[in-house]
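Here's the structure we're looking at; comments come further down.
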2 protein chains.
Amino acid sequence: MGRGAYAKGVAKREEILEVALEVVAELGCRNSSNREIAQRVGLSQAGLMHYFGSREDLYMAVLRARDERDTADYWQPGSDFQGFLDVIEHNTNVPGLVQLYVEFSAEASIGRHPAHEFFLERYEWARRLLAQSVRTAQERGEFGPNVDAELVADIVVAAADGLQQQWLLDRSIDMVARLKAVSGGFAALSHLDPAD
Amino acid sequence: MGRGAYAKGVAKREEILEVALEVVAELGCRNSSNREIAQRVGLSQAGLMHYFGSREDLYMAVLRARDERDTADYWQPGSDFQGFLDVIEHNTNVPGLVQLYVEFSAEASIGRHPAHEFFLERYEWARRLLAQSVRTAQERGEFGPNVDAELVADIVVAAADGLQQQWLLDRSIDMVARLKAVSGGFAALSHLDPAD
DNA sequence: GTCTATAAAAGGATAGAC
DNA sequence: GTCTATCCTTTTATAGAC
């Protein structure tokens, strides 16, 4: 374990990432400011800038940090569909994160936005991982053969994103249950004779 | 037809709504400003404020205007699933609108945001309409009976939103084709014996 | 309806002391 | 590492003339 100034710096960095999510959840992306975050972690705005050179840097760091954590905790290559559901379930506890992702990914669509590449790669990664888990399920016989794994993955990823959008507005929506229904539907379908 | 100053005012209002979308598509919500919009429609910023009392007013007007138009053109109560697909197809031509919806709906999740109610009602409306069209399809025999119309509607609306998020980042994604696949999947499923 | 001018606030970033 | 102070920019909104 690092000591003194170093360990403190790392801890503070973590705290900032955490608080940034809080602020986004409360104020939205547009109204979140470095000043507000700084105040909540007990720093001046200039003090905050010591950790992250710019506003964009800070939010990109939030995005990456959470993906790394989720990947480690729930969903790596080789995980099954349940791992994916676990991530969604966990997102229920971090509305700021969900909001940041939705708003940022939309904003990142504009030309040469710093997060553009990030989101493109992330989608590719998610779809590939999910398609893999469908194929695994097919080998185990949980999923029938008569369905295109890539297609199922595309739909499930899209549905998950859309559900999160709705959940932000109405927290009573049960995202996991609905995603299970999608998956269950495709599982049943996959046993159908394609000649039907 | 209105004459003179009145007609001109109405036309200018329309133009502003149109240009606001352009600006959002180019700069994103966070970086869109009244000044930029004003400049593009050949007004001063103060001139723009004559039409819309505040920034929020302007964007809410954009949202409502487009919904009214889409409803009139493609998708009213009684429309079938194709009408829904037509809206999505049409959205392909208005990336600014899609972006505005995604960003705004996420931002509107925060407490007492002016657009909060708007989006909640809009989701309820969309799901109800779509569920209705599934039921109609069931009566016609295009859809089998063994599926819950409300559930299908929920999934399709969510998938549509998620696909639009992805499409913003990668315009080569064919949203309509994928949504047809979802619908086709459920249609096939709906003929399955529920005892399976 | 549209402009100029201006207020008033807020944001991001930097310089330099400690 | 952290602060104070400051700068510069941008934004929304208003007042009042034409």
Side-chain angles (χ1 to χ4, degrees), chain A residues 1-20 22-24 26-63 100 103-104 107 110 112-115, chain B residues 1-20 22-24 26-63 100 103-104 107 110 112-115:
Chain A
M1 174 162 56
R3 249 196 355 273
Y6 177 73
K8 184 181 173 189
V10 171
K12 201 74 184 172
R13 230 186 112 97
E14 292 300 310
E15 191 190 348
I16 292 170
L17 294 177
E18 206 72 38
V19 168
E22 258 179 53
V23 174
V24 168
E26 268 177 53
L27 306 177
C29 272
R30 187 171 221 269
N31 300 313
S32 295
S33 70
N34 294 348
R35 272 196 170 77
E36 179 66 30
I37 297 168
Q39 189 180 327
R40 295 198 194 191
V41 295
L43 282 179
S44 68
Q45 187 237 338
L48 183 69
M49 300 293 281
H50 171 71
Y51 290 92
F52 302 92
S54 75
R55 184 193 139 80
E56 295 289 352
D57 283 356
L58 168 55
Y59 287 104
M60 288 305 296
V62 173
L63 261 35
L100 183 63
E103 288 194 55
F104 242 62
E107 201 178 298
I110 66 184
R112 284 228 109 19
H113 187 283
Chain B
M1 174 164 55
R3 251 201 345 279
Y6 177 70
K8 184 181 173 188
V10 171
K12 202 73 185 170
R13 231 186 112 96
E14 293 300 310
E15 191 191 347
I16 292 170
L17 294 178
E18 205 73 38
V19 168
E22 259 179 51
V23 174
V24 168
E26 269 177 52
L27 306 178
C29 272
R30 187 171 222 269
N31 299 314
S32 295
S33 70
N34 294 347
R35 265 196 174 75
E36 180 65 30
I37 296 168
Q39 189 180 327
R40 294 198 194 192
V41 296
L43 283 178
S44 68
Q45 186 240 338
L48 183 71
M49 301 292 282
H50 171 72
Y51 290 92
F52 302 93
S54 75
R55 180 183 190 280
E56 295 288 351
D57 283 356
L58 169 55
Y59 287 105
M60 287 306 294
V62 173
L63 261 36
L100 183 64
E103 288 195 55
F104 242 62
E107 199 178 299
I110 66 185
R112 283 229 110 17
H113 187 284

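Chain letters run A, B, ... following the sequence lines, proteins first and then strands; every chain starts at 1. It should be emphasised that the depicted structure is a prediction, and the values quoted were computed from it without experimental measurement.
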Short side-chain N/O contact from R55(B) to OP1 or OP2 of dT12(D), under 4.0 Å: yes
Side chain of M49(B) - closest among dG1(C), dT14(D), dA13(C): dT14(D)
Length of the CZ-P vector between R13(B) and dG1(C), whole Å: 12 Å
Quick note, N34(B) side chain, CB onward, closest among dT12(D), dA13(C), dC3(D) is dT12(D)
Nearest to the side chain of L43(B), which nucleotide is it out of dT12(D), dT2(D), dC3(C)? dC3(C)
Let me know, please, whether R35(B) or L48(A) comes out on the 5' side of the other along DNA chain D by nearest nucleotide. L48(A)
All heavy atoms of I110(B) vs all of V24(A), minimum pair found to be CG2-O, 4.4 Å
Test H113(A) against E56(A) for side chain to side chain contact (heavy atoms under 4.5 Å, CB included), laying out the working first. CA-CA 10 Å; H113(A) 187 283; E56(A) 295 289 352; 4.3 Å; yes
Look at K12(B) and dT2(C) and indicate whether a side-chain polar atom (N or O) is within less than 4.0 Å of OP1 or OP2. no
Yes or no on salt bridge (charged side-chain N to carboxylate O under 4.0 Å, His left out) for R30(B) and E107(A), after CA distance, side-chain angles and deciding distance? CA-CA 8 Å; R30(B) 187 171 222 269; E107(A) 201 178 298; 5.4 Å; no
Measure the distance from CZ on R30(B) to C1' on dG11(C) and round it to the nearest whole Å. 8 Å
With the side chain defined as heavy atoms from C-beta on, Y51(A) is closest, among dT2(D), dC3(C), dT12(D), to dT2(D)
How many Å lie between CZ on F52(A) and C1' on dA13(C), as a whole number? 16 Å
Tell me the interatomic distance from H50(B), atom NE2, to dA13(D), atom C1', rounded to whole angstroms. 15 Å
OP1 or OP2 of dG11(C) under 4.0 Å from side-chain N/O of S33(A): yes
Distance, rounded to the nearest Å, where Q39(B) contributes CD and dT4(C) contributes P: 12 Å
